[in-house]
Amino acid sequence: MRTVTGTGLVISALAATLAALLLPVLTFRGGPGAGITQTVATQFGPLSAADRDFVIRVRLAGLWEIPAGQQAQERGVSPAVRIAGEHLVDGHTALDASVRKAARKLGMELPSQPNAQQQKALDDLTRASGSGYEKKFANILRLAHGKVFALIGQIRATTRNNLVRALADEANTTVLDHITVLEETGLVDFDAIVRDAETASPLPTPSVPPPSPKASRQDVTPAEPPRSARTYPLPPPTQRPERSGKPKPPGKPGPPSKGPKPPEQEKK
């Protein structure tokens with residue numbers, strides 16, 4: 001009886017340990033939207049929720065920007081738009097292969113369809129035509145790349161996972177290339193991009209606490225003047241300015257000038 005009971009306890013303990021080990025993995029493999037907020041340990045370093053979100057976003061970018069690039073190659077009127085479409089297809093095809101490889105190593109499931117917002121952008125491009133299509137293509141894609149460009153910098157600066165870091169490096173090069181070729185079309189409305197950025201995520205105004213009433217004047221750092229009001233001293237001249245008038249021709253120096261005669265002493 002004791003042997004059976006002891007064996008049952010050992011089996012139960014092993015089962016509980018195995019369940020504890022497999023639970024994070026099974027939950028992690030739940031795919032996008034699994035609701036994981038904690039950091040998961042991997043052999044490539046800790047994988048945070050922000051890291052996982054970035055990997056999914058890279059995959060989503062390829063799912064709609066590759067078709068958008070193919071469409072620009074076929075429907076673009078100007079050579080610049082067709083070149084931009086070619087860059088989108090080539091860049092995101094290579095980047096998509098990298099993100100799928102990284103996801104397999106990290107045990108992540110990736111989406112297979114663009115999200116609703118990306119599909120709407122594709123539908124808007126499909127309905128447009130002629131010069132209106134080219135303008136929509138340049139501005140929709142430039143706006144999307146600008147947003148992901150800022151995200152890449154944030155992830156690259158904070159991730160502790162080697163695979164995510166390498167993916168961010170590749171994505172940075174790809175997105176910067178796409179931003180450049182889209183701007184070279186000459187169709188990008190930069191004012192609209194600035195308005196969208198200000199509406200979407202306005203910069204927070206920092207609140208500076210007032211100085212303590214006990215602080216002396218020496219403890220309070222004077223406010224720095226605005227950059228436009230600063231003055232900077234000019235460097236001293238490298239040589240003396242030339243005197244006005246006709247320069248004296250070179251020659252022998254004249255005799256030294258005689259000074260005033262000393263007053264004569266009174267005769268005694």
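Computed from a prediction, not measured in an experiment: that's the story for all the values here.
Nearest approach of Ala72 to Gly85, heavy atoms of both residues: CB-CA, 3.9 Å. Minimum heavy-atom separation, Leu122 to Pro67: CD2-CB, 4.3 Å. The heavy-atom pair separating Ala138 from Val188 by the smallest distance is O-CG2, 4.2 Å. Contact detail for Pro46 and Asn161: the closest heavy-atom pair is O-CB, 3.3 Å.
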- [ ] Mind running side chain to side chain contact (heavy atoms under 4.5 Å, CB included) on Gln119 and Gln113 for me, showing each step along the way?
- [x] CA-CA 9 Å; Gln119 187 60 53; Gln113 297 291 333; 5.5 Å; no
Open item on the list: If you apply the rule side chain to side chain contact (heavy atoms under 4.5 Å, CB included), what do you find for Leu187 with Val81, and how did you get there?
Closed with: CA-CA 9 Å; Leu187 302 172; Val81 169; 4.1 Å; yes
TODO: Start with the C-alpha gap between Asp177 and Thr174, add the side-chain angles, then the distance that decides, and say whether side chain to side chain donor-acceptor pair (under 3.5 Å) holds.
DONE: CA-CA 5 Å; Asp177 172 71; Thr174 303; over 6 Å; no
Open item on the list: Between Leu88 and Phe137, does the side chain to side chain contact (heavy atoms under 4.5 Å, CB included) criterion hold? Intermediate values first, please.
Closed with: CA-CA 12 Å; Leu88 287 179; Phe137 167 78; 3.6 Å; yes
TODO: Kindly determine whether Arg160 and Thr39 satisfy side chain to side chain contact (heavy atoms under 4.5 Å, CB included), including the steps that lead there.
DONE: CA-CA 11 Å; Arg160 295 176 290 167; Thr39 298; 4.1 Å; yes
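Under the 4.5 Å side-chain heavy-atom criterion for Ile, Leu, Val, Met, Phe, Trp and Tyr, Leu176 and Leu167 are members of the same hydrophobic cluster. When hydrophobic clusters are built by joining Ile, Leu, Val, Met, Phe, Trp and Tyr residues whose side-chain heavy atoms come closer than 4.5 Å, directly or via intermediates, Val164 is grouped together with Phe44. Note: the hydrophobic cluster containing Met108 also contains Leu95 (ILVMFWY, side chain heavy atoms under 4.5 Å, direct or indirect links). Taken together through direct or relayed side-chain contacts under 4.5 Å among Ile, Leu, Val, Met, Phe, Trp and Tyr, Val181 and Phe149 form parts of separate hydrophobic clusters. In this structure, Val89 is not a member of the same hydrophobic cluster as Trp64, with clusters built from ILVMFWY side-chain heavy atoms closer than 4.5 Å.
Note that CD of Gln43 and CG of Leu163 are 8.0 Å apart. Values are rounded to the nearest 0.5 Å. With rounding to the nearest 0.5 Å, the separation of CZ in Phe190 from CZ in Arg195 is 13.0 Å. Asp196 contributes atom CG, which lies 11.0 Å from atom CG of Asn139 (distance to the nearest 0.5 angstrom). Taken to the nearest 0.5 Å, the CG atom of Leu125 stands 10.0 Å off from the NZ atom of Lys120. Rounding to the nearest 0.5 Å gives a distance of 12.0 Å between CG of Leu182 and CD1 of Ile83. Here the CG-OG1 distance, from Leu106 to Thr42, works out to 5.5 Å after rounding to the nearest 0.5 Å.
Remark: the backbone N or O of Pro111 is paired with a side-chain donor or acceptor of Arg59 at under 3.5 angstrom. Using modelled atom types, one side-chain atom of Arg52 and one backbone atom of Leu47 make a donor-acceptor pair closer than 3.5 Å. Under a 3.5 Å cut-off, the side chain of Asp96 and the backbone N or O of Gly62 do not form any donor-acceptor pair. Listed for the Arg82 side chain is no donor-acceptor partner under 3.5 Å among the backbone atoms of Gln73. A donor-acceptor distance shorter than 3.5 angstrom exists from the side chain of Thr158 to the backbone of Gln154, with no hydrogens or angles considered.
Asp53 has a carboxylate O that lies under 4.0 Å from a charged side-chain N of Arg57, or vice versa, which qualifies the two as a salt bridge. A salt bridge is absent between Asp169 and Arg165: the closest approach of a Lys/Arg side-chain nitrogen to an acidic carboxylate oxygen does not fall below 4.0 angstrom. Salt bridge annotation for Arg127-Asp123: absent, with no cationic side-chain nitrogen under 4.0 angstrom from a carboxylate oxygen. Taking the charged nitrogens against the carboxylate oxygens, Asp189 and Lys135 have no contact shorter than 4.0 Å, which rules out a salt bridge.
A donor atom on one side chain and an acceptor atom on the other are not found under 3.5 Å apart for Asp90 and Thr93. Looking at Glu134 and Thr185, their side chains never bring a donor and an acceptor atom within 3.5 Å of each other.
Contact check for Gln38 versus Ser48: no side-chain heavy atoms found under the 4.5 Å cut-off. Side-chain contact between Asp124 and Tyr133: absent, with no pair of heavy atoms (C-beta onward) separated by less than 4.5 Å. Looking at Thr159 and Phe54, their side chains never come closer than 4.5 Å, going by heavy atoms from C-beta outward.
Below 30°, between 30° and 60°, or above 60°: for His178 and His92 the angle between ring planes is between 30° and 60°, a tilted geometry.
Residues meeting the ring pair (Phe, Tyr, Trp, His ring centres under 6.0 Å) test with His87, sequence neighbours left out: none.
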